[in-house]
Number of protein chains: 2
Amino acid sequence: MDGSPAFNPALVALECADCGARCDLTRPRGTCPSCGRPLVAVYDLERVRAETPRDSLGRFGTDLWRYRAVLPFAPDFPVVRLGEGGTPLLPLARLGESVGVAELWMKEESGNPTQSFKARGLALAVNGALAFSREGIALPSAGNAGSAAAAYAAAAGLRCRVAVPDDTPEAFVVEARAFGAEVRLVPGTIAEAGRALAEWAAGPQWWNVATFKEPFRLEGKKTLGYEIAEQLAWRLPDVILYPTGGGTGLVGMHRAFREMAAMGWTSGPMPRLVAVQVNGCAPVVRAFDAGAPRVAPWEHAATVASGLRVPSPFADTLILAAVRESGGTAVAVAEEDMLDAMNDLAGTEGCLVCPEGAATLAALRQLRRSGEVRATDRALIYDTGSGLKYPEAWRLALARRASGEEVAR
Amino acid sequence: MDGSPAFNPALVALECADCGARCDLTRPRGTCPSCGRPLVAVYDLERVRAETPRDSLGRFGTDLWRYRAVLPFAPDFPVVRLGEGGTPLLPLARLGESVGVAELWMKEESGNPTQSFKARGLALAVNGALAFSREGIALPSAGNAGSAAAAYAAAAGLRCRVAVPDDTPEAFVVEARAFGAEVRLVPGTIAEAGRALAEWAAGPQWWNVATFKEPFRLEGKKTLGYEIAEQLAWRLPDVILYPTGGGTGLVGMHRAFREMAAMGWTSGPMPRLVAVQVNGCAPVVRAFDAGAPRVAPWEHAATVASGLRVPSPFADTLILAAVRESGGTAVAVAEEDMLDAMNDLAGTEGCLVCPEGAATLAALRQLRRSGEVRATDRALIYDTGSGLKYPEAWRLALARRASGEEVAR
């Protein structure tokens, strides 16, 4: 685009997902200048298709920059990188058999920098801040996003402010502070943290990298869809279960699948996308079940899965659209089932998952029982980060195992 | 080899590193049947060279099994895998400039399964246990090795017993137990843990996967050398600084560099290998400085870098040979310098390193000051695992930063 040498020449515009307004990248862009809703990147996919055949990706390395043909930055933009993406897709043969599906895969995201999937989005957002010549970033976080933001800010030489709920596990706070970020603990959920941040780190000097408040975290999460496709030899799974807080990954995969289909990189139907939440905070499930166009805020959100304690996701329309257009569903699981699934995944498959990840296995069992997932389905679940940052959840899970409360499968 | 269909046909023997005796793989092999010292795998490198050109590695994936042509298992052996290896090699431009070297790289191992470099060795050792038809594994550990062993044992359906020093950080113990391992806390260091294990988990029913007590952990660690070479386009660095407890990685890299040179995959001199230890436990440094052929046990070993608290590494002769043959050295750093290096790496480069990893940066500064590392050198340091498992060390490091004790560079 004119005047923006930092950006990918195939990136033609940022488009408002709600009102359709388009804007260019000649100045910093957060949300839609017309209506304030999320902006999404639009590429000239014909150009990408012509310039980057999918079998040429190998020359771009093994991390997420492998897909830089469909990422926002110019080929010669010196991106700050910590080795994000390129995570394993693990076949879970024994669990797949016990659940009763044709194939079961788990996308294991704990190997990312700062040990969670948040690295993908924040890597892109921090490089975006550099491309927009910003000097500081700020965000509210349930924990993992704050750590990732702080790490990339340190590597980029940017200042960083993070507001987190005051009951956020200590590991997240120590980590962000080790990276030199300023961390403020705020009573309440991520919603209250967001409100506190508005005053403490006001724009424009603090670039807001909260979920969907700038357009590039989505682009980073989009790479999940590309990686899954390539790791499965471009044959997408039938159903994907994704733990849904702010929903960036779900919306990102949806965009990736549409882009790949448009470029002819994949064929066949879009995977059914399942938004997984917990009984203690299930605003997306409630809206989906009611056929509502928007999400109403969840009162008294409570779960040890801190990443799912998002009472009112900003990109609600995009999340609901991704689930509905893909023929998927939204499902909430019981806290206890999630804890049991943590034990399952550690004891059977050797993965110390985070509770959010375990929720996707619990949801799969639930949908298999209801028949919404079939025995012939190729299913994919997610571990979005390392269980090491959730000592409290693991204490609860191990106590259930020791007490025999764990439900035998 | 005859009668061993589980093994790589190019694996010609196991050879004693000390007495030179050779044995085959028709039965389980731990240490040398003649003298009890470590066994190392010997390959027909002419055959590997002919069958697997280095530019064909891409078809074997991006994790460490990419190098399976020089690993012990047959192409059709169904290896248990969790996504080990394939970790980033990060360029540290700003730190490199501040230290004063031509190039500075960090091999970032925290993205491995169970978040440490131990995954490489234990992945191979557990698959070795399967290939040898063992039903349980056992080892003493300072923490990370126990977690990795427990994870692979869970994935493989094997039992696992781990003995650890009783002051091992809690995260390690919780993690190993989550994987279903039996963990015993033993007063003292890893040396005492090893002695306790001999009775609690006696062979042959418990396959001993302690450092160098079976031949395959070394093969897993060897892949560090292959990855570094490939990531640097087969142009090896001048000097590599490695935190040395049991020494498997150091010896493994040394073997990898010799194998690659023999196959013509690399040319030029072998990188100088530097064994990095801490003042509180430096048996290798003491032996190196004295020109001794063996290491004498270190009394009263003490450091927060639990992986370096190895008073008497079993493979001492191999470690000293790797350092000497490569023209390297051995160096001990002060505990405080290690803590400051943790802050450096987090604050400047966005990496929450473990103390063992930080020790390699402290050692690099020390050798740069002494002139043993030159301004023209391309240097490589290591982060061997995530700092998340070391809350105590991070508390100390952040306290130094807050108090201003940290030494300004």
Side-chain angles (χ1 to χ4, degrees), chain A residues 58 61-63 78 80-84 86-94 108 110-115 119 126 147-148 150-157 170-171 174-180 231 342-343 345-353 386-389 391 394-395 397-398 401-402, chain B residues 58 61-63 78 80-84 86-94 108 110-115 119 126 147-148 150-157 170-171 174-180 231 342-343 345-353 386-389 391 394-395 397-398 401-402:
Chain A
T62 59
D63 63 16
V80 168
R81 55 210 287 177
L82 294 172
E84 47 284 350
T87 58
L89 184 66
L90 302 177
L92 306 186
R94 282 184 290 167
E108 172 55 277
S110 65
N112 275 301
T114 69
Q115 272 56 73
V126 168
S147 300
Y152 288 99
E170 192 203 357
V174 169
E175 193 179 11
R177 287 190 172 144
F179 294 132
Q231 288 172 316
M342 289 168 69
N343 285 323
L345 283 159
T348 314
E349 303 289 352
C351 299
L352 191 87
V353 300
S386 169
L388 285 175
K389 293 189 188 176
W394 270 105
R395 261 190 292 273
L398 293 180
R401 186 198 281 172
Chain B
T62 60
D63 64 15
V80 169
R81 55 209 287 176
L82 295 172
E84 47 286 348
T87 59
L89 184 66
L90 303 177
L92 306 186
R94 282 185 291 167
E108 173 54 276
S110 66
N112 276 301
T114 69
Q115 270 57 71
V126 167
S147 299
Y152 287 97
E170 192 201 358
V174 169
E175 192 179 11
R177 287 192 173 143
F179 294 131
Q231 288 173 315
M342 290 169 68
N343 285 324
L345 283 159
T348 315
E349 303 290 351
C351 298
L352 191 86
V353 300
S386 168
L388 285 175
K389 295 189 189 175
W394 270 104
R395 261 190 293 272
L398 293 180
R401 187 198 281 172

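Every chain is numbered from 1, with letters handed out A, B, ... down the list of sequences.
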Under 4.5 Å from any heavy atom of chain A - which part of [X]:
{"X": "Leu352(B)", "answer": "both"}
{"X": "Thr62(B)", "answer": "side chain"}
{"X": "Phe179(B)", "answer": "both"}
{"X": "Ala156(B)", "answer": "backbone"}

Open item on the list: Please rank Glu84(A), Gln115(A), Glu170(A) by heavy-atom pairs under 4.5 Å with chain B and give me the top one.
Closed with: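 Looking at each of Glu84(A), Gln115(A), Glu170(A) in turn, Gln115(A) comes out on top.
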Task: Among Gly58(A), Ser110(A), Gly180(A), residue most engaged with chain B (heavy-atom pairs, under 4.5 Å) - done: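 The answer is Ser110(A).
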Task: Main-chain N/O of Val174(A) paired with Arg395(B) side-chain donor or acceptor, under 3.5 Å - done: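 No, the answer is negative, given that no donor and acceptor are paired below the 3.5 Å cut-off.
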Under a 4.5 Å cutoff for heavy-atom pairs, which residue among [options] has the most contacts with chain A?
{"options": "Ser386(B), Pro88(B), Ala154(B)", "value": "Ala154(B)"}
{"options": "Gly347(B), Ala178(B), Gly387(B)", "value": "Ala178(B)"}
{"options": "Ala346(B), Gly83(B), Ala150(B)", "value": "Ala346(B)"}

- [ ] Specify the closest pair of heavy atoms between Ala397(A) and Asn343(A), including all atoms of both residues, with the distance to one decimal.
- [x]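 Where Ala397(A) meets Asn343(A) most closely, the heavy atoms are O-ND2, 2.8 Å.
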Task: For Val80(A) against Tyr152(A), the heavy-atom pair lying closest together - done: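 So the two residues come closest at CG1-O, 4.4 Å.
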Open item on the list: Within the 4.5 Å heavy-atom criterion, are Leu92(B) and Thr348(B) side-chain neighbours or not?
Closed with: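 Leu92(B) vs Thr348(B): side chains apart.
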Task: Heavy-atom side-chain proximity of Leu82(B) to Cys351(A) below 4.5 angstrom - done: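 Side chain of Leu82(B) against side chain of Cys351(A), heavy atoms only: contact under 4.5 Å found.
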Task: For Glu175(A), salt bridge (Lys or Arg N to Asp or Glu O under 4.0 Å) partners two or more places apart - done: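 Per chain and number, Glu175(A) pairs via salt bridge (Lys or Arg N to Asp or Glu O under 4.0 Å) with Lys389(A).
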Open item on the list: Please enumerate all residues that pass side-chain hydrogen bond (donor to acceptor under 3.5 Å, both in side chains) together with Arg81(B), with sequence neighbours excluded.
Closed with: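 Result, side-chain hydrogen bond (donor to acceptor under 3.5 Å, both in side chains) vs Arg81(B): Asp63(B).
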